[in-house]
Amino acid sequence: MKILILCSGGDAPGMNRFIYNLSKFNEVYYARAGFKGLVEGDIFPLDKNEAKKFKDEAGAIILSSRYPKFQERKYFFKGVKNAKDFDAVIVLGGNGSFHGAKELAENEVNAIFVPATIDNDVENSSYSIGFDSAVSQGVYAVKNSMPSINAFCQACLFEVMGRKCSEIAKEVSKQVSADYTICEEKDLKFKAIEKLIKERRNKFLGTSIIVRENIMPISEIAERLNNSFKEEVVKTQVVGRLQRGGKPTNKELSLVNKFSDAVISLIKSKNFNKQVLMDENYNIKILDF
């Protein structure tokens, strides 16, 4: 069988392990940079040795992209034409990628969707590839920065990824027992945060504050908070791309194996046009598009 794999949207740690696991089929190809490569015909045989070399690394060896043009009919149908050269097309990505895979399935392409986004916000799935690794990097950043912050009884704003989803911020905050978490604009209670920092400084303690990105630049938050102090008390740290680029955790790789095993089973049984998702107990659940 001829299998095509593509990654769409933001890369997520664990994608490379999934690609490696699927490379065990005889004929495996990839669309370079996701739907863009599918439309433009940038489709190549997967190098199994390369897939093996990077199987435990972050990133996406077959590249990924955000490609809004795929929503335009003339580009979409170019993609459909190329996709029909394959017995199955596997799409890894977030909600936008899901809709792309669903449309392929609705146009007689044998498609399978797998949630892969650090934001962990794919509808109907309690887990998506990359989330545990992204959280791990956020925890690492906080735990390895706070000793220095504590030494000066300062505060630090740690900005974590998530776009408009607060799952990463909430989980990082929980794992490090953060002193305050800003998940939404309503959490920007400057007087309350200032009071917290002052109370902790009076006890000779530092303050850890987790901030979800895209609420307000943390430099602006820090500037407003620092206006209440005679010195620069509030520091900032953007965890940022560490959350995409950190090595996948062992838990991540184990969950990726579950996803890929389910996909391989579907391909072998020629059971297509499915979403391979995960429930809150990390069990695979398979839904139709």
Side-chain angles (χ1 to χ4, degrees), residues 5-22 30-37 50-51 53-68 90-98 100 113-122 125-145 157-176 182-183 210-215 217-218 236-257 259-260 278:
I5 305 175
L6 64 87
C7 297
S8 173
D11 58 305
M15 282 181 165
N16 283 338
R17 171 60 73 92
F18 183 93
I19 293 164
Y20 166 71
N21 288 347
L22 269 289
Y30 68 93
R32 184 168 62 196
F35 289 122
K36 182 176 187 293
E50 282 292 292
K53 180 179 177 182
F54 290 98
K55 66 184 177 70
D56 295 334
E57 302 297 329
I61 58 169
I62 62 176
L63 306 187
S64 187
S65 71
R66 294 183 173 88
Y67 190 64
I90 317 302
V91 177
L92 280 75
N95 286 309
S97 307
F98 160 73
F113 170 75
V114 179
T117 166
I118 66 169
D119 301 337
N120 201 37
D121 62 348
V122 171
S125 191
S126 294
Y127 189 82
S128 63
I129 292 172
F131 178 68
D132 189 71
S133 303
V135 168
S136 176
Q137 289 300 316
V139 170
Y140 175 88
V142 176
K143 285 189 172 181
N144 285 274
S145 299
L157 301 167
F158 295 92
E159 184 184 271
V160 298
M161 284 185 156
R163 301 185 77 185
K164 295 183 179 181
C165 178
S166 300
E167 290 296 306
I168 293 174
K170 289 176 181 177
E171 187 61 26
V172 170
S173 184
K174 176 183 173 183
Q175 291 193 25
V176 301
I182 301 171
C183 290
I210 311 302
V211 186
R212 191 257 293 167
E213 66 178 349
N214 295 324
I215 296 174
I218 58 171
T236 63
Q237 185 166 336
V238 178
V239 181
R241 303 229 166 246
L242 281 174
Q243 296 188 278
R244 294 195 190 280
K247 269 184 175 289
T249 61
N250 289 334
K251 177 181 177 181
E252 191 80 71
L253 296 175
S254 176
L255 295 177
V256 171
N257 290 341
F259 278 114
S260 59
M278 192 166 275

Measure across [X] and [Y] and return the closest heavy-atom pair with its distance rounded to 0.1 Å.
{"X": "Y127", "Y": "F259", "answer": "O-CZ, 3.8 Å"}
{"X": "V256", "Y": "F18", "answer": "CG1-N, 3.5 Å"}
{"X": "K55", "Y": "L253", "answer": "O-CD2, 4.3 Å"}
{"X": "G246", "Y": "A58", "answer": "O-CB, 3.3 Å"}
{"X": "G14", "Y": "P248", "answer": "N-CG, 3.7 Å"}
{"X": "C7", "Y": "M15", "answer": "SG-SD, 3.8 Å"}

*Could you walk me through whether E213 and I215 pass the side-chain contact (heavy atoms from CB on, under 4.5 Å) test, one step at a time?*
CA-CA 6 Å; E213 66 178 349; I215 296 174; over 6 Å; no
Has [X] got a side-chain atom pairing as donor or acceptor with [Y]'s backbone, closer than 3.5 angstrom?
{"X": "R244", "Y": "D11", "result": "yes"}
{"X": "S128", "Y": "T117", "result": "yes"}
{"X": "S125", "Y": "M278", "result": "yes"}
{"X": "Q243", "Y": "A134", "result": "yes"}
{"X": "S64", "Y": "A33", "result": "no"}

Spatial distance of atom [atom1] ([X]) from atom [atom2] ([Y]) [nearest 0.5 Å]:
{"X": "F131", "Y": "L255", "atom1": "CZ", "atom2": "CG", "result": "11.5 Å"}
{"X": "Y20", "Y": "S260", "atom1": "OH", "atom2": "OG", "result": "10.5 Å"}
{"X": "I5", "Y": "I19", "atom1": "CD1", "atom2": "CD1", "result": "6.0 Å"}
{"X": "I218", "Y": "E159", "atom1": "CD1", "atom2": "CD", "result": "5.0 Å"}

*For N144 and V142, run side-chain contact (heavy atoms from CB on, under 4.5 Å): C-alpha distance rounded to whole Å, both residues' side-chain angles, the deciding distance at 0.1 Å, then the answer.*
CA-CA 5 Å; N144 285 274; V142 176; over 6 Å; no
Show me the side-chain donor-acceptor pairs of residues 160-172 shorter than 3.5 Å, one per line, residues at least two apart or across chains.
from, atom 1, to, atom 2, distance (Å)
S166, OG, C183, O, 3.0
S166, OG, E184, OE2, 3.2
E171, OE2, Q175, NE2, 3.0

*Partners passing side-chain contact (heavy atoms from CB on, under 4.5 Å) against T249 (at least two apart in sequence or in another chain)*: D132, S133, S136, K251, E252
*asked:* Could you walk me through whether L6 and I90 satisfy the side-chain contact (heavy atoms from CB on, under 4.5 Å) test, starting with their C-alpha distance in whole Å, then the side-chain angles of each, then the deciding distance to 0.1 Å, before giving a yes or no?
replied: CA-CA 6 Å; L6 64 87; I90 317 302; over 6 Å; no
_I129 vs V114, side-chain contact (heavy atoms from CB on, under 4.5 Å): CA-CA, chis, key distance, verdict_ = CA-CA 8 Å; I129 292 172; V114 179; 3.9 Å; yes
*With sequence neighbours excluded, what pairs up with Y30 under the ring-ring contact (aromatic ring centres under 6.0 Å, His included) test?*
F44
*asked:* Would you say that D121 contacts N95 through its side chain, given a criterion of any heavy-atom pair below 4.5 Å between the two side chains?
replied: yes
*Compare all side-chain heavy atoms of V135 with those of Q137 and state whether any distance is below 4.5 angstrom.*
no
*Please check if atom CG in N250 has more than 12 non-hydrogen atoms from other residues, nucleotides or ligands closer than 6.0 Å.*
no
*Hey, would you say the F113 and F98 ring centroids sit under 6.0 Å apart?*
yes
_Pair D56 + R17: basic N to acidic O under 4.0 Å_ = yes
